[in-house]
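Here it is, the structure in full.
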Amino acid sequence: MRVLVTGGAGYIGSHVSAELIRQGDDVIVYDNLYQGHAAAVDPQAIFVQGDLADRAALRAVFETHDIDAVMHFASYTLVGESWEKPFLYLRDNVVNGLNLMETAVKYGVKRFVLSSTANLFDNPERMPIDETERIVPGSPYGESKNLLERLLLWMDRVYGMKYAALRYFNACGCVPPLGEDHAPETHLIPIILQVALGQRDHLVIFGDDYPTPDGTCIRDYIHVRDLASAHILALRALDQGSRTYNLGTGNGYSIREILDVARAVTGHPIPAIVGDRRPGDPAILIAGSDRIGRELGWEPQYSDLHHIIQSAWDWHRRHPDGYGD
Ligand code: UFG
């Protein structure tokens, strides 16, 4: 298949692109390099630097390449930032996604995979969180993904474009030569590894008075390689209909548990201090991913915590300045 990957120079998009190429698909990466890195684009992919707000540039991509499917990663993705700049999320994420959907429809594309989020589930009623959980977005970011999921429903109903909405819990880990490099970095595991590299003095744990066994937040950490396989299985199943999946391991780890594993992997004491809670952080988020297991046979294979942190550490140690751009 010839797949257009928006955000293919970013963390998850680059990993999924590499796996598509490994499986023999053709990849066209469309990325404005706002958060992405040219060095993360697979040498076998065609790279077009462009913005989703630029509808003429987007049309040119579809005009030039005979696209069979779209995978849409390009997005503003920070929960905290979305409270400070809600219009960036509620307007740009949504309008850019709609531009992409409209262009895909215009060029007859019938397959669309959306990168969605566990931030749809603020204060869930059940844990683990499966796809039947009521949607309560936790931030303008989560709402922007909710709106994109809703728009895809209409693309299917009106135009028969089949979609997969994939809601990730905590993506992490690396597959060489690709890594995780955000500026600014806000994610737990890369920050912990920056402490181990001596780039930060300590980790600030955002609150230890949550209703969890050690008081710190619990999350479901899923290796990006497992996310990549889920995307590709979902893509190949689209001809049988649209679908929505929650993607995690079903296991939750606290911040202190992550720290312990990171200390063992790196051999560094990784000092940590306790600070205030970060607004908007739910105490526990664990995915119920039975549906994709049942329907597509997906099972995480690389999400053992030790392996996740080892793979991230191997990359960060070799790339202390990230992609260096
Ligand atoms: N944390 C700290 N200190 C830090 C950074 C993070 O204590 O310096 C804590 C957070 O408070 C949270 C946990 O570590 O409890 C994980 O935080 P991350 O920022 O790594 O990830 P989040 O769970 O907040 O967010 C991730 C994605 C979002 C997505 C969300 C869905 O980054 O894009 O999962 O659950 F929306």
Side-chain angles (χ1 to χ4, degrees), residues 7 10-13 35 73-83 88-89 93 114-124 127-129 133 135-146 148-149 165-173 180-182 184-196 199-224 227 246-249 252-262 270-289 305 308-309 312:
Y11 171 47
I12 302 173
Q35 276 285 341
F73 298 91
S75 165
Y76 296 103
T77 58
L78 299 178
V79 172
E81 182 186 60
S82 77
W83 284 97
L88 205 57
Y89 287 75
N93 274 0
L114 173 70
S115 163
S116 189
T117 176
N119 196 245
L120 299 186
F121 309 113
D122 210 29
N123 280 323
M127 201 64 65
I129 304 168
E133 178 66 44
I135 290 181
V136 181
S139 66
Y141 165 64
E143 184 66 83
S144 73
K145 294 290 184 174
N146 181 38
L148 290 171
E149 289 195 9
L166 304 182
R167 299 149 169 182
Y168 325 141
F169 284 60
N170 290 65
C172 48
E180 181 172 13
D181 177 7
H182 303 106
E185 189 53 76
T186 63
H187 296 92
L188 180 66
I189 293 175
I191 285 178
I192 286 177
L193 297 179
Q194 288 175 352
V195 179
Q199 295 172 341
R200 294 178 189 246
D201 294 336
H202 52 255
L203 170 74
V204 180
I205 296 175
F206 296 144
D208 69 350
D209 57 351
Y210 285 93
T212 61
D214 69 18
T216 67
C217 287
I218 291 178
R219 294 287 180 273
D220 186 337
Y221 294 87
I222 171 95
H223 197 291
V224 67
L227 286 183
N246 291 0
L247 297 180
T249 65
Y253 295 98
S254 73
I255 296 170
R256 289 200 189 282
E257 287 175 305
I258 300 285
L259 256 178
D260 285 344
V261 176
I270 312 182
I273 61 170
V274 176
D276 292 339
R277 286 185 177 198
R278 187 172 66 178
D281 274 342
I284 305 177
L285 287 175
I286 298 172
S289 303
L305 199 51
I308 284 175
I309 295 181

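We count ligands from 1, going down the list as the structure has it; atoms in each ligand are counted the same way.
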Worksheet entry | All ring-ring contact (aromatic ring centres under 6.0 Å, His included) counterparts of Tyr168, not counting sequence neighbours | His231
Fill in: Taking atom 36 (F) of ligand 1 as the reference point, the nearest protein heavy atom with its distance
Thr117 OG1, 2.8 Å
Discussion item. Test your reading of the structure: does His187 have an N or O sitting under 3.5 Å from an N or O of ligand 1?
Written reply: yes
Worksheet entry | Heavy-atom pair of closest approach, residues Gly142 and Thr117 | CA-CG2, 4.3 Å
Discussion item. Tell me the protein heavy atom at minimum distance from atom 33 (O) of ligand 1, and give that distance in Å.
Written reply: Thr77 O, 3.4 Å
Discussion item. As a check for students: among Tyr253, Tyr76, Tyr221, identify the option with a heavy atom nearest to atom 13 (C) of ligand 1.
Written reply: Tyr221
Discussion item. Any atom of ligand 1 sitting under 4.0 Å from a heavy atom of Phe121?
Written reply: no
Worksheet item: Can you tell me which residue and heavy atom of the protein come closest to atom 20 (O) of ligand 1, and the distance to 0.1 Å?
Response: Leu188 N, 2.8 Å
Practice prompt. Measure the acute angle between the ring planes of Tyr76 and Tyr89, then classify it against the limits of 30° and 60° as parallel, tilted or perpendicular.
Written response: tilted
Item to complete: Starting from atom 10 (C) of ligand 1, locate the nearest protein heavy atom and write down its residue, its atom name and how far away it is, to 0.1 Å.
Response: Arg278 NH2, 3.4 Å
Discussion item. My understanding is that only one of Asp208, Asp214, Leu259 makes a side-chain contact (heavy atoms from CB on, under 4.5 Å) with Ser254; could you say which?
Written reply: Asp214
Worksheet item: At under 4.0 Å between heavy atoms, which part of Thr216 makes contact with ligand 1: side chain, backbone, both or neither?
Response: neither
Worksheet, complete the sentence: Closest to atom 15 (O) of ligand 1 among protein heavy atoms sits Cys217 CB, 3.1 Å
Worksheet item: If you look at every heavy atom in Ala272 and Ile205, which pair is closest and at what distance?
Response: CB-CD1, 4.0 Å
Discussion item. List the residues meeting side chain to side chain donor-acceptor pair (under 3.5 Å) with Asp260, not counting sequence neighbours, and say none if there are none.
Written reply: none
Practice prompt. Quick one: look at Thr186 and ligand 1, take heavy-atom pairs under 4.0 Å, and tell me if it's side chain, backbone, both or neither.
Written response: backbone
Discussion item. Using modelled atom types and a 3.5 Å cut-off, is there a donor and acceptor pairing between side-chain atoms of Tyr11 and backbone atoms of Cys172?
Written reply: yes
Response to the item:
Note: Leu120 and Ser116 closest approach over all heavy atoms is CD1-OG, 4.0 Å
Worksheet item: Which one of Ser82, Ala118, Pro282 has a non-hydrogen atom at the shortest distance from atom 31 (C) of ligand 1?
Response: Ala118
Fill in: Structural part of Ile255 in contact with ligand 1, heavy atom criterion under 4.0 angstrom
side chain
Worksheet item: Is a donor on one side and an acceptor on the other found under 3.5 Å between the side chain of Arg167 and the backbone of Ala287?
Response: no
Practice prompt. Look only at interatomic distance and state if Val79 has a nitrogen or oxygen under 3.5 Å from any nitrogen or oxygen of ligand 1.
Written response: no
Item to complete: Tell me which protein heavy atom sits closest to atom 4 (C) of ligand 1, plus the residue, atom name and distance to 0.1 Å.
Response: Phe206 CE1, 3.2 Å
Practice prompt. Out of Ile205, Asp281, Asn170, indicate the one that has the non-hydrogen atom closest to atom 25 (O) of ligand 1.
Written response: Asn170
